[in-house]
Each structure stands twice: as C-alpha cells, then as structure tokens.
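Written below as structure tokens is the structure these notes are about.
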Amino acid sequence: MNNEYEIIIIGGGPAGLTAGLYASRAGLNSLLIEKGLVGGQIADAELVANYPGFVEGISGLELGQSMHQQATKYGLNTIIAEVTGIEFQREKKVVMTTKGNFTAKAVIIASGSERRKLGIPGEEEFTGKGVSYCATCDAFFFKEQPVAVVGGGDVAITEALHLTKFASKVTVIHRRNQLRATHILQEKVFSEHKIEFLWNTVVEEIEGKDTVKRLKLRQVITGEKSTLDVSGVFISIGLTPSTDYLKGVLPLDAAGYIATNERMETEIPGIFAAGDIRRDSARQAITAAGDGATAAIYTEKFISQ
Amino acid sequence: MNKPITIDDSTFDQMVLQAKMPVLVDFWAPWCRPCIMTAPVLEELAEEYAGRITIAKLDVDQNAKTAAKYGIMAIPNLIIFKNGKPVSQIVGFKPKAELKRSLDAVLD
C-alpha cells in the first residue's frame with residue numbers, strides 16, 4: 001500500500017468525509033483513516049431530521065455511507081485503523097497507526113468525540129451487566145423491565161423514547177430542572193406515559209449483585225437521598241473528545257478539545273482540526289461538514305504555498 | 001480464506017461447547033452499530049488465528065435462548081470458550097489490539 005499522501009484525514013464522520021470530498025475534488029492525494037465504521041456518531045441516529053436537503057429526514061447510517069461514496073468517487077482512499085500518534089519530520093507529518101505509518105504534507109484531525117462516563121462506583125463493574133452507553137444496541141435486553149436514562153440532551157431523550165418500545169418504565173434522571181433536548185423531542189417525551197422524570201437529581205452509585213439492581217440518588221438542591229430500583233441504566237451525559245493520541249502532539253484545552261482559528265488551523269502549521277473535536281463546535285452533522293470543507297480548502301492553500 | 005462461522009441455538013452445543021479448539025463467540029444483532037464495526041475486525045482475526053481459534057457469530061435477536069443462558073445484557077459481547085467453558089469476555093467495541101491480547105492470553 002502507498003504510504004505517502006498529500007493530506008491525511010483522521011476520522012470518518014461528517015467532518016472527515018466532507019474534508020475528504022473537498023480534498024479529493026481538489027486533486028489532492030488523500031487518505032482517510034477511520035477506526036470503526038464510516039459515518040461517525042451520526043451513524044447511530046435512526047433519523048437525521050435537521051440535515052438540510054432531506055425533507056423527510058435520512059437515516060444516519062445512509063447519510064454517512066452516501067458521504068463516503070461521494071468522496072470515494074473523486075478518489076479518496078480509506079483505511080480502517082486506529083491512530084496511535086503523530087510525529088513531525090521536517091516538512092512531513094507522520095501518522096502512526098495500527099496498520100503502519102503514513103506520511104502527508106498536512107493532517108486534518110476530525111476524530112470527533114465519544115460518550116462520557118459518570119465516574120461513579122458500580123459504573124465500570126456493571127458495564128455490560130445493566131450499565132449501557134447504547135440504547136439502540138441494548139434496549140432489547142430489558143423487555144418489560146424498569147430502566148433509567150441519565151442525561152437531558154437530545155441523545156438521552158432519543159434513547160428514552162427508544163427504550164419505551166421495550167422497557168416497562170423509563171425514568172429520566174437529570175441534574176437540572178429542565179431538558180436541553182430540542183423542542184420537538186421534548187413534546188414527544190412529555191406525552192409518553194411510560195416515561196417519568198427525576199429533576200435536579202444525580203446518580204451517586206450503581207448497586208447490584210451480578211447485574212444492576214438499584215441506583216443511589218441525591219437531589220442536588222435539598223440534598224435528599226433516595227434509591228430507585230432498575231434493571232438497567234443508560235448513561236447519556238454528553239461527549240468527550242477523542243484526543244488521547246494527541247497528548248503531547250498538540251495543545252488541548254482543559255476538556256481535551258483543540259483550539260482553531262476560523263480557517264480550522266491549529267497552532268501547528270499544516271495541522272488542521274474540524275468537527276466535534278474543535279473547541280466551540282456546535283456538534284451538529286451540518287456544522288461538522290462545514291468545518292471539514294473549510295479545513296480542506298485551507299489545507300489545499302497550505303500545501304500549494 | 002478463513003471466515004467467521006455462523007452459529008445458532010441449535011448448533012451452539014456442538015460447534016462451541018464440544019469444540020476441540022477455543023471458540024470466540026460474537027453475540028451481536030443487526031441493529032447494533034458497534035457490532036457492525038466489530039465485524040471486519042473479526043474477519044481479520046478469523047484469518048490471523050486460523051487453525052488456533054474459531055471465530056463464531058450468534059445473532060441474539062434470532063437466538064434468545066443462548067444469549068439468555070450467558071446473561072447477555074449488552075452487545076457487542078465477545079465470549080471466548082475453551083473446553084466448553086467461558087474463559088474470557090469482552091463487552092463493547094474494542095480495538096483489534098485489545099482483542100488480540102485476549103485471544104493470545106487464552107492460547108498461552
């Protein structure tokens with residue numbers, strides 16, 4: 001396999017795929033490195049209703065695959081591998097992966113973000129034994145059983161709605177007194193009789209024996225403690241950037257995100273960042289795609305300098 | 001080419017519990033994206049570990065009996081069986097290097 005490219009793009013979500021489309025159409029020899037499945041987080045979404053141009057919405061998996069096909073049509077190369085680090089050799093950037101090293105003149109980092117964990121006792125112990133981070137994957141195993149969802153954003157509410165198809169009761173536990181989820185989702189969730197809400201409440205511990213049995217809760221305003229009997233708990237408290245391989249390579253902010261200017265340039269010449277991984281990203285498929293296009297256009301200018 | 005084999009409730013006993021070689025069973029379902037992400041990695045492993053470990057796939061949606069027997073509550077869920085007993089379990093999408101460590105540990 002060829003190991004030298006003009007651009008290497010890390011991450012195959014909407015940001016990386018759009019960058020790949022623009023770079024390939026600009027005639028640049030481009031490689032996209034994805035660790036799992038192209039599409040990124042959007043591939044989890046049953047229906048993406050806010051990506052412009054699709055009046056009836058489109059499945060996330062289909063949107064991701066279409067973006068990939070379109071970029072591939074113009075010559076984008078893709079490998080499935082995990083990036084382990086980046087090194088700088090004079091004008092070249094070396095991207096180290098589980099399938100060998102690849103070099104390029106410029107790198108676009110678009111590796112996005114992944115699910116954040118609660119970091120409480122019992123969470124790790126019962127992962128796969130009632131603690132889940134993917135309702136689409138695991139709701140099936142909780143037929144006619146009580147479950148909880150922790151979180152109040154779009155993903156948490158979408159997961160709570162999905163769980164009502166299987167579980168006997170769904171309790172949404174949220175640390176604030178109102179949801180962050182969009183208006184449309186809120187209307188749906190408040191009219192769903194299987195869903196109950198515990199506001200201003202946090203989970204302090206997950207208890208069980210072999211599998212999850214109950215949650216220890218604390219009301220954040222009154223400090224009152226209580227328990228809730230559940231067979232499963234779905235944790236959906238937002239995202240954390242996938243930047244482990246960048247520690248020591250690039251300055252990251254306290255939360256692990258990358259700062260860029262409006263051209264998606266990082267502090268290191270020839271290294272660009274796009275999408276969810278960027279500080280202040282709106283974390284939408286369309287804004288990530290926009291970042292990807294911007295990054296590719298300025299990468300092309302950087303290379304031709 | 002050595003490929004993962006497909007097993008079900010009716011063949012599990014023969015193909016896994018009575019197998020001479022260790023068997024990695026991938027409990028999966030078509031609606032599970034991390035399961036779909038794991039599939040190409042398992043195909044590579046089936047090739048790399050040919051003759052040493054059998055890689056088998058069991059769809060939990062069609063084979064609830066076996067999934068319940070092993071207490072599957074999350075997928076992807078990979079259980080390695082040796083001499084008819086589960087000896088190692090990996091839950092969730094994991095990079096290939098981690099899967100190889102688990103397979104190598106069972107082979108030692």
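Keep in mind the model is a prediction, meaning the values are calculated, not measured. In what follows, chains are A, B, ... by sequence order, proteins preceding strands, each numbered from 1. Atoms considered below: every heavy atom in the structure, side chains included; atoms not considered: hydrogens, waters and symmetry mates.
- Between atom CD of residue A/Glu114 and atom CZ of residue B/Phe93 there is a gap of 11.0 Å, rounded to the nearest 0.5 Å.
- Other residues, nucleotides and ligands contribute over 12 non-hydrogen atoms within 6.0 Å of the CD atom of B/Glu44.
- Contacts between A/Tyr133 and chain B at a heavy-atom distance below 4.5 Å are absent for every atom of the residue.
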Apply side-chain contact (heavy atoms from CB on, under 4.5 Å) to residues A/Leu37 and B/Arg33 and explain how you reach the verdict. CA-CA 8 Å; A/Leu37 183 76; B/Arg33 177 177 168 261; 4.0 Å; yes
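- Shown here for A/Gly128 and B/Ala74, the closest heavy-atom pair between the two residues is CA-CB, 3.6 Å.
- Within a 6.0 Å radius of CD in B/Gln14, no more than 12 heavy atoms belonging to other residues, nucleotides or ligands are found.
- Annotation: maximal heavy-atom pairing with chain A below 4.5 Å, among B/Asp61, B/Val91, B/Thr38, occurs at B/Asp61.
- Residues A/Thr136 and B/Trp31 approach most closely at O-CD1, 2.6 Å, considering heavy atoms.
- Contacts between B/Val60 and chain A at a heavy-atom distance below 4.5 Å involve backbone atoms as well as side-chain atoms.
- Smallest separation of non-hydrogen atoms from A/Gly36 and B/Met37: CA-CE, 3.6 Å.
- Contacts of A/Lys99 with chain B are made by side-chain atoms alone, with heavy-atom separations under 4.5 Å and no backbone atom involved.
- Heavy-atom contacts from other residues, nucleotides or ligands closer than 6.0 Å to NZ of B/Lys94 number more than 12.
- Shown here is A/Glu87, whose CD atom has no more than 12 heavy atoms of other residues, nucleotides or ligands within 6.0 Å.
- Here CZ of A/Phe141 is found 7.0 Å from CD1 of B/Ile72. Values are rounded to the nearest 0.5 Å.
- For the pair B/Cys32/A/Cys134, no side-chain contact is recorded, criterion being any heavy-atom separation below 4.5 Å from C-beta on.
- In the displayed structure, A/Lys194 atom NZ is contacted under 6.0 Å by more than 12 heavy atoms of other residues, nucleotides or ligands.
- Between the side chain of A/Asp138 and the backbone N or O of B/Ile75 there is at least one donor-acceptor pair closer than 3.5 Å.
- Scanning all heavy atoms of the two residues, the minimum distance from A/Lys129 to B/Met73 falls at C-SD, 3.7 Å.
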